[in-house]
Asker: 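Sharing a structure with you now.
Position 1 is the first residue of the sequence, and the numbers go up from there. All values below come from the heavy atoms of this structure, side chains included, with hydrogens, waters and symmetry mates left out.
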Amino acid sequence: MKIKDAEIISLMQNPRTQDKGVRALMDAYQSRLYWHIRRIIVDGDLAQDTLQETFIKAYQNFHQFKNDSQLYTWLYRIATNEALQQVNKMKKMQKTDEDPEYHMQNLVADNTEGDAEEIQILLQNAIQSLPEKQKLVFMMRYYDDLPYEEISKIVDMSVGTLKTNYHYAKQKIEEYIKENYER
């Protein structure tokens, strides 16, 4: 039986049932949030750590949840912020003499299981080459099929700006695949 957001919120707001609420929150959203984070970070272990940080932040700051958005939207925003912080940390830690494109290709190659299709590898490389905002918008729209209104709340951008970012991201991905696909 799947627990509803209203029940999770009620459990989380009561200090005596908060632990049960956290477990219900994790059961309900762990998988979806993990894959959202994983698409941003790529590295599985780091994505798992970031997911844990997301739930810790949600637990610590649940009193700030105002019920003016869906619980999932609020969690997504926390997960997105945590993932972006990790990406920024990784960028700062990268050595200046290391080629970022080579690094990203290795991350994608290391995280593809078995004999992945060349087009899938190209798609992942193309996504990783996008500017941060375009990458976020593309992944939330393409993989998670979130409506622009929800994405707008998560990343704090207007719907028009999101649509423009998504359009440019699609164009860049198509161009990247056409330029790099070897038949």
Asker: Quick one: which residue pairs count as a ring pair (Phe, Tyr, Trp, His ring centres under 6.0 Å) with a foot in residues 129-164, not counting sequence neighbours?
Answerer: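 Of all non-adjacent pairs touching residues 129-164, those that pass ring pair (Phe, Tyr, Trp, His ring centres under 6.0 Å) are Phe138-Tyr142, Phe138-Tyr166.
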
Asker: Grab the two heavy atoms, one from Arg141 and one from Leu146, that are nearest each other, plus how far apart they are.
Answerer: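 So the minimum-distance heavy-atom pair works out to NH1-O, 2.9 Å.
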
Asker: By side chain to side chain donor-acceptor pair (under 3.5 Å), which residues pair with Gln86, not counting sequence neighbours?
Answerer: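 Gln86 satisfies side chain to side chain donor-acceptor pair (under 3.5 Å) with no residue once adjacent residues are dropped.
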
Asker: Which pair of non-hydrogen atoms, one from Ile37 and one from Ala83, has the smallest distance, and what is that distance?
Answerer: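 In this case the closest contact between Ile37 and Ala83 is CG2-CB, 4.3 Å.
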
Asker: Which pairs with one or both residues in residues 35-57 pass ring pair (Phe, Tyr, Trp, His ring centres under 6.0 Å), sequence neighbours excluded?
Answerer: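 Listed once each, the pairs are His36-Tyr76.
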
Asker: Enumerate the side-chain hydrogen bond (donor to acceptor under 3.5 Å, both in side chains) contacts for residues 20-31, please, sequence neighbours excluded, ordered by first and then second residue.
Answerer: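 Residue pairs with at least one partner in residues 20-31: Asp5-Tyr29.
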
Asker: What pair of heavy atoms forms the shortest contact from Arg38 to Asp43, and how long is it?
Answerer: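 Minimum heavy-atom separation between Arg38 and Asp43: NE-C, 4.1 Å.
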
Asker: Check whether any side-chain heavy atom of Ile41 lies under 4.5 Å from a side-chain heavy atom of Thr50, and answer yes or no.
Answerer: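 Yes, their side chains come closer than 4.5 Å.
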
Asker: Can you tell me which residue pairs pass the salt bridge (Lys or Arg N to Asp or Glu O under 4.0 Å) test with a partner in residues 123-133, sequence neighbours excluded?
Answerer: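 Matches after skipping sequence neighbours: Lys91-Glu132, Glu132-Lys135.
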
Asker: For a quick test of reading the model, state the closest non-hydrogen atom pair linking Leu33 to Ala79 and the distance between them.
Answerer: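 Looking at all heavy atoms of both residues, the closest pair is CD2-CB, 3.9 Å.
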
Asker: Does any part of the side chain of Glu7, heavy atoms only, come nearer than 4.5 Å to the side chain of Ser10, both counted from C-beta?
Answerer: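 They are not in side-chain contact.
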
Asker: Mind checking the CD-CG spacing from Gln128 to Leu123? Nearest 0.5 Å is all I need.
Answerer: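 These two atoms lie 10.0 Å from each other.
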
Asker: List the residues meeting side-chain contact (heavy atoms from CB on, under 4.5 Å) with Thr17, not counting sequence neighbours, and say none if there are none.
Answerer: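 Scan of Thr17 (side-chain contact (heavy atoms from CB on, under 4.5 Å), adjacent residues dropped) gives Leu11, Asn14.
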
Asker: Does anything in residues 55-68 form a side-chain hydrogen bond (donor to acceptor under 3.5 Å, both in side chains)? List the pairs, not counting sequence neighbours.
Answerer: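 Passing the test, one end in residues 55-68: Lys57-Glu82.
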
Asker: Test side chain to side chain contact (heavy atoms under 4.5 Å, CB included) on Leu136 and Leu84; report intermediate values, then the result.
Answerer: CA-CA 9 Å; Leu136 262 178; Leu84 290 176; 3.5 Å; yes

Asker: Could you grab the distance from atom NE2 of His167 to atom CD of Gln171, nearest 0.5 Å is fine?
Answerer: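 It comes to 3.5 Å.
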
Asker: When rounded to the nearest 0.5 angstrom, what distance separates CE in Met139 from CD1 in Ile151?
Answerer: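 Answer for the CE-CD1 pair, Met139 versus Ile151, is 11.0 Å.
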
Asker: When rounded to the nearest 0.5 angstrom, what is the spacing between CZ in Arg77 and CD1 in Ile154?
Answerer: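 Rounded to the nearest 0.5 Å, the CZ-CD1 separation comes out at 8.5 Å.
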
Asker: Who pairs with Arg39 by salt bridge (charged side-chain N to carboxylate O under 4.0 Å, His left out), at least two apart in sequence or on another chain?
Answerer: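 In terms of salt bridge (charged side-chain N to carboxylate O under 4.0 Å, His left out), with neighbours along the sequence ignored, Arg39 is linked to Asp144.
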
Asker: Could you tell me which residues satisfy side-chain contact (heavy atoms from CB on, under 4.5 Å) with Pro15, sequence neighbours excluded, listed by chain and number?
Answerer: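 Result, side-chain contact (heavy atoms from CB on, under 4.5 Å) vs Pro15: none returned.
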
Asker: Under the side chain to side chain donor-acceptor pair (under 3.5 Å) rule, collect the residues that match up with Thr161, sequence neighbours excluded.
Answerer: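 Result, side chain to side chain donor-acceptor pair (under 3.5 Å) vs Thr161: Ser158.
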
Asker: To the nearest 0.5 Å, what is the distance between CD1 on Ile177 and NZ on Lys172?
Answerer: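 It comes to 14.5 Å.
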
Asker: According to a hydrophobic-cluster definition based on side-chain heavy atoms being under 4.5 Å apart (Ile, Leu, Val, Met, Phe, Trp, Tyr only), do Leu71 and Ile56 belong together?
Answerer: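 Different clusters: Leu71 never reaches Ile56 through Ile, Leu, Val, Met, Phe, Trp or Tyr contacts under 4.5 Å.
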
Asker: Kindly give the heavy-atom pair with the smallest separation between Val155 and Met140, and that separation in Å.
Answerer: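 Closest pair (atom of Val155, atom of Met140, distance): CG1-CE, 3.6 Å.
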
Asker: Looking at residues at least two apart in the chain, or sitting in another chain, which of them share a side-chain contact (heavy atoms from CB on, under 4.5 Å) with Ala58?
Answerer: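 Testing Ala58 for side-chain contact (heavy atoms from CB on, under 4.5 Å), a comparison that skips the adjacent residues, returns Leu25, Trp74, Leu75, Ile78.
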
Asker: Which residues satisfy the side-chain contact (heavy atoms from CB on, under 4.5 Å) test with Thr164, sequence neighbours excluded?
Answerer: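 Checked Thr164 against side-chain contact (heavy atoms from CB on, under 4.5 Å); matches are Tyr168.
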
Asker: Which atoms form the tightest heavy-atom contact between Ile8 and Ala28, and what is the distance?
Answerer: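 Here Ile8 and Ala28 meet closest at CD1-CB, 3.9 Å.
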
Asker: Measure the spacing between CE of Met157 and OG of Ser152 and express it to the nearest 0.5 Å.
Answerer: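 Rounded to the nearest 0.5 Å, the CE-OG separation comes to 8.5 Å.
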
